[in-house]
Structure formats: C-alpha cells, structure tokens
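Atom set for the values below is all heavy atoms of this structure, side chains included, hydrogens, waters and symmetry mates excluded.
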Amino acid sequence: MRVAALPLMLAGILSCVPALAEVHEVKMLNRGAAGSMVYEPDYLRIAPGDTVKFIATQSGHNAASVPGLLPAGAQAFKGKINQEIEQTFNVPGLYGIQCIPHLAMGMVMLIQVGAPAAEAPEVPAALPRRAVDRFNTLLQREAAK
C-alpha cells in the first residue's frame, strides 16, 4: 500500500513547486556597443524571484546597488571587484546598479522587477553627472518603448 501511494505523493509535491525563476546574464565591459564602461544589457525587465548574474567579462568592474535608487524593502548588495556575482531580485520596483570604480564614468544600469511604476523614479542628484545623465537616458529610452 505504501509503494502504491508513492507516485500520488510525488505528484502532489511536484504540483506545489513554483515555476522556475530565470537567470539573466549581464556583462561588465570596458567597451561595448553603447560605448565605454558599460553593462550589457544596460536595462533589464525581469520577474520577481529572477536572478541576475553579473559576469566580470573584463577586469576592474563590480556590480552594486545604488543607494537611493532601490524599491522600499529591497536589500542593498555589493559585489567584489573582478568577481562574478548572482543577485536574486524579489521586491518589485526599479533598481539602480553601479560599478563603483567607474560610477563617475557613467557605468550604471537599471533593472525593472515586475511592472513599472506609474511615475519614473527620481535619480539621486548626489550621483556623479555622467551617472545621472546615463540613468536619465535609460529611463527616457524605456519610457519611449
């Protein structure tokens, strides 16, 4: 009797497993299609629970969240220089990502988790000018889609 119930129990357990989250890859580059010191892609739309793998394609880069450009309740993160980092994004909203050594050169990207907010977020004015300009360009480009 126990052996006969095993397939039924296994089917029940498997039906409770949530859909598998996706893993998205982002390259950290000295030069890419959009210029120098870039993430490729520089904008991602992902589902809550998805993971982003930041790949240290070229040396001298990292990926870290931008203080002031995170959804409420989201955890900040900071990868080490020259090391791949995987970050799972569970809280819906817009995340600003920076390469700390190259922030002043505008090496930033955006990750939209879930549906976009009705209004565009405010980019922190304390960031270096190139970073602010790049964030605003990304926001304008995505709003036009």
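- L94 and I97 are assigned to two separate hydrophobic clusters, defined by single-linkage of ILVMFWY side chains at heavy-atom distances under 4.5 Å.
- Looking only at distances, a side-chain donor or acceptor of S65 sits under 3.5 Å from a matching main-chain atom of F77.
- Note that CD of Q87 and CD of Q75 are 9.0 Å apart. Values are rounded to the nearest 0.5 Å.
- Taking the side chain as every heavy atom from C-beta outward, C99 and Y39 approach each other to under 4.5 Å.
- Looking at every heavy atom in both residues, A34 comes nearest to R134 through CB-NH2, 4.1 Å.
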Using atom types as modelled, flag every donor-acceptor pair under 3.5 Å from a side chain in residues 55-62 to any protein atom, sequence neighbours excluded.
residue : atom : partner : partner atom : Å
T57     : OG1  : I55     : O            : 3.3
Q58     : OE1  : N30     : N            : 2.4
H61     : ND1  : H102    : ND1          : 3.1
H61     : NE2  : N30     : OD1          : 2.6
N62     : OD1  : I100    : N            : 2.9
N62     : ND2  : G79     : O            : 2.9

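- Distance check, rounded to the nearest 0.5 Å: CE of M28 to CG of N82 gives 8.5 Å.
- To the nearest 0.5 Å, the span separating CG on L127 from CG on L103 amounts to 6.0 Å.
- Within 6.0 Å of CZ on R45 lie more than 12 heavy atoms contributed by other residues, nucleotides or ligands.
- Residues P71 and V113 fail the side-chain proximity criterion, which asks for heavy atoms closer than 4.5 Å.
- Between L110 and R141, the closest side-chain pair of non-hydrogen atoms is not below 4.5 Å.
- Taking hydrophobic clusters as Ile, Leu, Val, Met, Phe, Trp and Tyr residues chained together by side-chain heavy-atom distances below 4.5 Å, L70 shares a cluster with F54.
- In this structure, Q98 and P67 have side chains that are in contact, with non-hydrogen atoms separated by less than 4.5 Å.
- Note: the hydrophobic cluster containing V108 does not contain Y95 (ILVMFWY, side chain heavy atoms under 4.5 Å, direct or indirect links).
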Sequence neighbours left out, cut at 3.5 Å: what donor-acceptor pairs do the side chains of residues 20-27 make with other protein atoms?
residue : atom : partner : partner atom : Å
H24     : NE2  : D50     : OD2          : 2.9

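- Under the 4.5 Å side-chain heavy-atom criterion for grouping Ile, Leu, Val, Met, Phe, Trp and Tyr, V91 is connected to I85 within one hydrophobic cluster.
- For the pair M109/L44, a side-chain contact is recorded, criterion being any heavy-atom separation below 4.5 Å from C-beta on.
- Atom CG in D42 sits 4.5 Å away from atom CG in L138 (nearest 0.5 Å).
- Rounded to the nearest 0.5 angstrom, T51 OG1 and F89 CZ are separated by 8.5 Å.
- Note that the NZ atom of K53 and the OG1 atom of T88 stand 11.5 Å from one another [nearest 0.5 Å].
- Linking ILVMFWY residues whenever their side-chain heavy atoms come closer than 4.5 Å, directly or via other members, leaves V38 and I81 in distinct clusters.
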